[in-house]
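Throughout, protein chains are lettered first and strands after them, A, B, ... in sequence-line order, and every chain is numbered starting at 1. Computed from a predicted structure; not experimentally measured.
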There are 2 protein chains.
Amino acid sequence: MNKAPDDQRTRREEYAEATRQALLASGRETFAREGYQAAGIEAISRAARVTRGAFYHHFEDKKALFDAVVVSLQSDAAARVQETSKRKSKIWERLYTGIDAYLDASIEPAYARIVVQEAPVVLGNARFAEIEEQYPMALLKATLRALKREGELVFDDIDLLGHMLDAVICELSIKLPTSSDPKKTRINGRKIIEGLLDSFRRK
Amino acid sequence: MNKAPDDQRTRREEYAEATRQALLASGRETFAREGYQAAGIEAISRAARVTRGAFYHHFEDKKALFDAVVVSLQSDAAARVQETSKRKSKIWERLYTGIDAYLDASIEPAYARIVVQEAPVVLGNARFAEIEEQYPMALLKATLRALKREGELVFDDIDLLGHMLDAVICELSIKLPTSSDPKKTRINGRKIIEGLLDSFRRK
DNA sequence: AATTTCACATACCTTGAGTATGTTATATTC
DNA sequence: GAATATAACATACTCAAGGTATGTGAAATT
């Protein structure tokens with residue numbers, strides 16, 4: 001019960017954390033490949049080389065694992081966005097490099113299917129919004145607000161503008177993989193985003 | 001076997017069509033209220049006052065009913081859009097009244113949940129795109145193409161522009177119901193759509 | 001050294017989708 | 001118009017998958 005001040009990570013904790021990570025990784029792959037519904041807990045567990053018992057020890061239920069997978073994907077994406085845009089000094093540049101990085105992340109099959117398409121359905125809009133408000137969406141909105149503060153952007157509801165921008169990016173991430181000319185589609189998508197923002201730019 | 005030229009709707013066909021419609025209506029309500037996964041076939045059938053036997057006589061499986069429900073919702077929405085916009089002579093006016101009607105239709109809980117959120121996940125992107133290409137999306141794109149033909153709109157990929165517009169409208173239909181000030185949100189949403197289109201309007 | 005606890009494994013239960021078969025009213029055939 | 005066929009269901013069963021209850025052994029604590 002009493003933890004001595006010198007207590008450290010025990011061997012058991014280390015092992016447990018490793019299997020938890022294995023289940024998370026296995027879940028990410030299986031959900032991405034087969035979708036939430038078709039992904040069986042048995043299959044996810046086998047791919048992580050454990051049994052169902054281990055699964056239910058680490059996660060409340062199937063939805064809990066999915067939730068954790070979504071959070072980890074969002075966290076990864078946000079980190080990538082943050083990394084590429086933080087060094088830019090001009091805000092507009094920060095915004096656009098961030099958007100590009102966000103698009104790169106969204107295009108990946110696992111993200112597009114799990115986060116963009118299935119997460120709102122499986123977790124519900126309320127919970128999804130909760131997760132979204134941290135991570136990528138937060139960065140996007142923060143940059144938009146910064147632009148507004150500087151008088152660069154003229155629009156009331158920055159929150160809404162952020163969501164609409166997000167919607168365009170997400171739709172693009174769904175359409176891009178099956179596009180006949182992905183390169184061109186991406187360029188045109190970028191143009192649409194620029195057009196959208198441009199119409200609220202200070203004249 | 002041989003249908004006489006004077007053959008007419010038989011009583012049986014009439015009854016069968018009625019129960020099919022009852023199942024379709026029951027499915028629409030149940031899917032809208034509980035979502036695809038949670039909606040049981042037993043419950044759907046009971047609400048239509050038939051048994052599972054009747055259900056499986058009329059529909060291949062659960063997905064087939066869902067597919068039919070999506071098609072009927074899309075068809076209804078398209079009819080509403082068509083109805084409100086067809087009388088307008090100016091193309092821009094036709095576009096904007098159409099968008100408003102589309103938004104009105106999308107806001108309804110059944111449409112927002114079933115068509116916008118769940119359909120791509122349950123039916124898959126390919127099948128969903130197939131359905132979408134008829135109905136509302138077709139009307140939207142047709143009007144955009146008309147504008148391009150008239151030289152009113154300057155953009156290469158009208159198909160993409162249509163999808164991006166659709167994405168904005170759909171996102172709006174998801175966010176509107178939980179908005180703290182729906183009226184204002186809708187006005188601001190409209191402004192964003194106008195901004196988007198305006199940036200590709202002939203100057 | 002004894003005991004507890006954590007990290008799993010195994011066996012079972014339950015629910016719901018799908019199937020196979022039975023039944024009856026309606027339509028067709030002779 | 002009586003016999004037969006068939007469509008439109010109802011009933012009973014199967015099976016897979018999520019979740020639960022319980023068992024077990026190694027590691028940590030006392």
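- If you measure from atom CD of B:Glu42 to atom P of D:dA12, you get 12 Å, rounded to the nearest angstrom.
- Between B:Gly53 and B:Tyr15, it is B:Gly53 whose nearest contact on DNA chain C lies nearer the 5' terminus.
- Set against D:dG19, D:dA28, C:dA25, the side chain of B:Arg12 has C:dA25 as its closest nucleotide.
- In summary, B:Asp157 and A:Lys175 do not engage in a salt bridge, as defined by a charged side-chain N under 4.0 Å from a carboxylate O.
- Considering every non-hydrogen atom in both A:Asn188 and B:Phe155, the closest pair reads O-CZ, 3.7 Å.
- Summary of the strand contacts: B:Thr10 and B:Lys63 both lie near DNA chain C, and taking for each the nucleotide with the nearest heavy atom, the more 5' one is attributed to B:Lys63.
- Looking at every heavy atom in both residues, A:Ser72 comes nearest to A:Arg28 through OG-NH2, 2.9 Å.
- A:Ala39 comes within contact range of the sugar-phosphate backbone alone, with a heavy-atom separation under 4.0 Å but no base atom that close.
- Contact annotation: B:His57 side-chain N/O to D:dA8 OP1/OP2 distance is under 4.0 Å.
- Nucleotide C:dA27 holds its P atom 10 Å from the CD atom of B:Glu14, rounded to whole Å.
- We find that OH of A:Tyr56 is positioned 17 Å from C1' of C:dA7, with the value rounded to whole Å.
- For B:Ala16, taking side-chain heavy atoms from C-beta onward, the closest of the listed nucleotides D:dA8, D:dG19, C:dT19 is D:dA8.
- A:Glu13 has its CD atom 7 Å from the P atom of C:dA7, to the nearest Å.
- Distance B:Phe59 CZ to C:dT19 P: 16 Å, rounded to the nearest Å.
- Regarding A:Leu65, its CG atom lies at a distance of 11 Å from the P atom of D:dG18, rounded to whole Å.
- Base engagement by A:Arg52 is indicated by at least one non-hydrogen atom pair under 4.0 Å involving a base atom.
- Counted by atom type alone, B:Ser179 and B:Thr185 present one or more donor-acceptor pairs between their side chains at under 3.5 Å.
- Proximity of B:Thr51 to the phosphate of D:dT11: no side-chain N or O atom is located under 4.0 Å from OP1 or OP2.
- One can place CZ of B:Arg11 at 17 Å from C1' of D:dC9, the figure rounded to the nearest angstrom.
- Using modelled atom types and a 3.5 Å distance limit, the side chains of A:Tyr102 and A:Asp166 yield a donor-acceptor pair.
- For A:Arg46 and D:dA16, the CZ to P distance is 13 Å, given to the nearest whole Å.
- An OP1 or OP2 oxygen of C:dC8 is reached within less than 4.0 angstrom by a side-chain nitrogen or oxygen of A:His58.
- Phosphate contact (OP1/OP2 of C:dC8, side-chain N/O of A:Thr19, threshold under 4.0 Å): present.
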